[in-house]
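Values in this document were obtained by computation on a predicted structure and should not be read as measured data.
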Amino acid sequence: MTAALIEARHICVQLGTQEVLHDISLQVAPGEIVTILGPNGSGKSTLLRALLGIVPITRGKVLRRAGLRLGYMPQKLHIDRTMPLTARRFLSLPLRHDRAETDAMLARVGVPEVAERPMTGLSGGQLQRVLLARALLTRPDLLVLDEPTQGLDQPGEAAFYQLIDEVRRDSGAAVLMVSHDLHVVMSASDRVICLNGHICCEGTPRVVSSAPEYRALFGLGTKGALALYQHDHDHDHTHDHGHSHDHPHHDHEQDHV
């Protein structure tokens, strides 16, 4: 069995007739922060959900360490506005936790004041921290975060990434996250994986930030962001990792309460 917490070996995922992930191999080691970067539609959320077993894979396999505890923070959460659900009650869904435990976790993520507030009345930053608290209540070995700072302003993003780093340091949990913020991610990650249907490049932030595949994927040093969609897409995914290939499906996933 793999020494990694979780490992993907040559996995492919097909949604309808479209293969949205091709030949993905990766692993996350204990205590490591790994960030997946890529443009919209590149399969980032699908990859996380495939690793978690939410989306079926069509080829390859996913290995998890025996007894692995996972904490998952989805990209979006739909809450019925007619449901009077407080933050404290939300933290006991689907697994029940006692009041002392939920209050301690809200304090740990910096929002002790929201315990009795309705979820629908929370600010974006408060909601993200409550979602993180729910993921942490499982005492995870691996924390899986899908665009955790989506909708936050720049100071909010920086504060949230600092919190993630503190959680990793205090708990020893590894972190696998999807993000769109290039600069913050480069300072907050041990390893970066650039995804666009396949893995374009991966390595330490320093290595990836200078890789031509990364710079091409995000239109850096070219004609700007539009260059992202102007590459030659007529290539063989199996052998060529030097170009990007955009898939026209939506990379947004939503959990419901």
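Residues P140 and L142 form no side-chain contact, since every pair of their non-hydrogen atoms from C-beta on lies 4.5 Å or further apart. The closest side-chain heavy-atom distance from L47 to I193 is not below 4.5 Å. With contacts defined as side-chain heavy-atom distances shorter than 4.5 Å, the pair I36/L48 qualifies. At a threshold of 4.5 Å between non-hydrogen side-chain atoms, the residues M73 and D146 do not count as touching. Between I6 and L63, every side-chain heavy-atom pair lies at or beyond the 4.5 Å cut-off. Counting heavy atoms from C-beta on, the side chains of L37 and V208 never come closer than 4.5 Å. Counting only heavy atoms from C-beta outward, the side chains of Q75 and V178 never approach each other to under 4.5 Å. Using a 4.5 Å heavy-atom threshold, the side chains of P148 and F160 count as touching.
Contact detail for L152 and G124: the closest heavy-atom pair is CD2-C, 3.6 Å. Taking both residues in full, the closest heavy atoms of I11 and A50 are given as CD1-CB, 4.5 Å, listed atom of the first, atom of the second, then distance. Minimum heavy-atom separation, G71 to T138: CA-OG1, 3.7 Å.
In this model, no donor atom of one side chain and acceptor atom of the other lie less than 3.5 Å apart for T58 and Q14. A donor-acceptor pair shorter than 3.5 Å can be found between the side chains of S179 and Y161.
Salt-bridge check for R59 with E19: passed, with a basic side-chain N closer than 4.0 Å to an acidic carboxylate O. With salt bridges taken as basic N to acidic carboxylate O contacts below 4.0 Å, one links D170 and R108. The pair D190-R168 counts as a salt bridge, with a side-chain nitrogen and a carboxylate oxygen less than 4.0 angstrom apart. R215 and E213 are not joined by a salt bridge, as no carboxylate oxygen comes within less than 4.0 angstrom of a charged side-chain nitrogen.
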Pair R139, E101 - check salt bridge (charged side-chain N to carboxylate O under 4.0 Å, His left out), show working.
CA-CA 12 Å; R139 311 293 176 193; E101 193 177 11; 3.7 Å; yes
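The main-chain N or O of A29 is found under 3.5 Å from a side-chain atom of E32 such that the two form a donor-acceptor pair.
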